[in-house]
Amino acid sequence: MPAHIADAASEAYSCHSIGAYRAAGALARAVVEATAKDKGVSSGTLYSKIEQLEQQGLLRPLVREAAHEIRHFGNEMAHGDLVEGLTEEATTETLALMGELLNEIYQVPARIARVGAARRTRAAKPSE
């Protein structure tokens, strides 16, 4: 995963750890947007970017829904709807969804590539 996205995700977790739930939510939303841009989806609203990620086969439908939940949560902060009663639990769940998104976009493809490369290396070795 690109360092700037990993850093923003880490910062979101750091904000959460000190009770800065609004900051964590805003950063989680920014991570979704930065991820879309990293994958070449840079035009339109965040809603349409998330939809395009699914259309390109980068997100399964459930993870697309997770991305939209992060978007909704972050929009409350990004658009000045500083709701009262923002809870640790709601932020924890949102950050867990962010982790699922990052896993889907970056970790799973990297893991598949590593396993495939190892298999091809084994297959290329001559039998003794």
key: Non-hydrogen side-chain atoms of P2 and I5 separated by less than 4.5 Å   = yes
key: Main-chain N/O of S14 paired to S17 side chain as donor or acceptor, under 3.5 Å   = yes
inquiry  = Going by side-chain contact (heavy atoms from CB on, under 4.5 Å), name the residues that satisfy it together with R122, two or more places apart in sequence or in a different chain.
reply    = A118, R119
request  = State the CG-CZ distance between L27 and R22, to the nearest 0.5 angstrom.
outcome  = 14.5 Å
query = Who are the side-chain contact (heavy atoms from CB on, under 4.5 Å) partners of T121, not counting sequence neighbours?
reply = K125
request  = Could you grab the distance from atom CD of Q52 to atom OH of Y47, nearest 0.5 Å is fine?
outcome  = 11.5 Å
remark   = dist R64:CZ -> L62:CG (nearest 0.5 Å) comes out at 8.5 Å
request  = Provide the closest heavy-atom pair for S48 versus S43 in the form atom of the first, atom of the second, distance.
outcome  = OG-O, 3.9 Å
task = Output all residues satisfying side-chain contact (heavy atoms from CB on, under 4.5 Å) with A23, sequence neighbours left out; order by chain, then residue number.
result = C15, A20
query = When hydrophobic residues are tied together by side-chain contacts of less than 4.5 Å, even through go-betweens, does L53 share a cluster with V31?
reply = yes
query = With E65, which residues qualify under salt bridge (charged side-chain N to carboxylate O under 4.0 Å, His left out), at least two apart?
reply = none
message = Could you work out, with side chain to side chain donor-acceptor pair (under 3.5 Å) as the rule, every residue matching H68, not counting sequence neighbours?
response = E51, R71
Please tabulate, for side-chain N and O atoms in residues 92-106, each donor-acceptor pair with protein atoms closer than 3.5 Å (sequence neighbours left out).
unit_1 : atom_1 : unit_2 : atom_2 : d
T92    : OG1    : H16    : NE2    : 2.8
T92    : OG1    : E88    : O      : 2.8
T94    : OG1    : A90    : O      : 2.9
E104   : OE1    : R60    : NE     : 2.9
E104   : OE1    : R60    : NH2    : 2.7
E104   : OE2    : R60    : N      : 3.0
E104   : OE2    : R60    : NE     : 3.0
Y106   : OH     : D38    : OD2    : 2.7

task = Considering non-hydrogen atoms only, spot the tightest contact between K49 and A36 and give its length.
result = CB-CB, 3.9 Å
request  = State which residues pass side-chain contact (heavy atoms from CB on, under 4.5 Å) with R120; sequence neighbours excluded, sorted by chain then number.
outcome  = A117
message = Would you say V32 ends up clustered with Y21 if hydrophobic residues are merged whenever their side chains have heavy atoms under 4.5 Å apart, either directly or through other cluster members?
response = no
